[in-house]
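Accompanying notes for the structure given below.
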Amino acid sequence: MILCMTSAREEKTTSESAMLDECLKQIAEKDTDALSRLYLRTKDSVFGFALSILKNVHDAEDVLQECYLNVYSAASGYDSYGKPLAWILTITRNLCYRKLREHEKMSTIPQEDWERYLEEKEGITSEDKLVLHTCMNCLTEDERQIVVLHAVSGFKHREIAQLLSMRISTVLSKYNRALKKMRNNLERGVLQK
């Protein structure tokens, strides 16, 4: 049964990648409808990733828009390796780092920004919101980014390792450490009530 579930998940990921690849081919031919489809399928991942780096909703929104402008202009140079989302997130990461250099800032994410983002995101339960709120308060920068990418955006640990230029063992270690911190924080909170 586990094999069937894993196989179905991999099949869904493969078909999603193929669909994104096809969109990018059409965008290379200046098809704006394909850009709209790509945007609708990837905007949450791009925004979540940008927000995890920039820690500012307004800057993340700017990067979101700029990312798709760059995708539109660079699509003709895209070579498919079966990882179209990784290509898009590499563009996102580069834009984020450029924005950080421009502003030379590292600020915390205001609570209302995360709450607004979570309210707009479908499928986030109140328990998820509590866990994410806890993340923002008790995790290091790297741990927070890894948890957001995995839990909110749905990236696999090896994909996160590639995006953040870390070894997979480092990503797994930081992720497990983050979960332990969050669990301890939540247990302390429950015990204090």
Q: List the steps and the verdict of side-chain contact (heavy atoms from CB on, under 4.5 Å) for T140 and K181.
A: CA-CA 10 Å; T140 67; K181 280 183 184 179; 3.8 Å; yes
Q.
Please say yes or no: joined through hydrophobic side-chain contacts below 4.5 Å, possibly via intermediate residues, are V71 and L69 part of one cluster?
A. no
(Q) Could you tell me if the side chain of Y97 sits less than 4.5 Å from the side chain of I53, heavy atoms only? (A) yes
Q. Between the side chain of S173 and the main-chain N/O of S169, is any donor-acceptor distance below 3.5 Å?
A. no
Q.
Before you tell me yes or no, could you show the steps for S165 and R93 under side-chain contact (heavy atoms from CB on, under 4.5 Å), namely the whole-Å CA-CA distance, both residues' side-chain angles and the distance that decides it to 0.1 Å?
A. CA-CA 11 Å; S165 301; R93 182 184 61 211; 4.2 Å; yes
Q.
Exactly one of T92, D62, L89 should register a side chain to side chain contact (heavy atoms under 4.5 Å, CB included) with C67. Which one does?
A. T92
Q.
Quick one, H157 with Y175, criterion side-chain contact (heavy atoms from CB on, under 4.5 Å). Give me CA distance, side-chain angles, the key distance, then yes/no.
A. CA-CA 9 Å; H157 295 293; Y175 181 75; 3.4 Å; yes
Q. How many angstroms lie between CG in N56 and CD in E61, if you round to the nearest 0.5 Å?
A. 9.0 Å
Q. Heavy atoms, side chains only, cut-off 4.5 Å: are S45 and L85 in contact?
A. yes
Only pairs under 3.5 Å count here: list side-chain donor-acceptor contacts from residues 19-36, not counting sequence neighbours, and write none if there are none.
unit_1 : atom_1 : unit_2 : atom_2 : d
D21    : OD1    : Y78    : OH     : 2.5
D21    : OD1    : S80    : OG     : 3.2
D21    : OD2    : S80    : OG     : 2.6
E22    : OE2    : Q26    : NE2    : 3.3
Q26    : OE1    : R37    : NH2    : 2.4
K30    : NZ     : Y72    : O      : 3.4
D31    : OD1    : D33    : N      : 2.9
D31    : OD1    : A34    : N      : 3.2
S36    : OG     : T32    : O      : 3.3

Q) Atom CG in L179, atom CD in E143: separation rounded to 0.5 Å? A) 9.5 Å
**Q.** Value rounded to 0.5 Å, distance of NZ in K99 from CG in N94
**A.** 14.0 Å
Q) Is the backbone N or O of L38 less than 3.5 Å from a side-chain atom of T42, with the two atoms forming a donor-acceptor pair by type? A) yes
Q: Group every Ile, Leu, Val, Met, Phe, Trp and Tyr by side-chain heavy-atom contacts under 4.5 Å, then state whether I146 and I168 land in the same group.
A: no
Q: For the pair F47 and V63, evaluate side-chain contact (heavy atoms from CB on, under 4.5 Å) and give the outcome as yes or no after the intermediate values.
A: CA-CA 8 Å; F47 181 77; V63 164; over 6 Å; no
Q) Going from OG on S52 to CG on D142, what distance comes out if it is rounded to the nearest 0.5 angstrom? A) 10.5 Å
Q. Atom NZ of K83 and atom CD of E159: how far apart are they, to the nearest 0.5 Å?
A. 5.0 Å
Q: Return the minimal non-hydrogen interatomic distance between K43 and L64, and the atom names on each side.
A: O-CD1, 3.8 Å
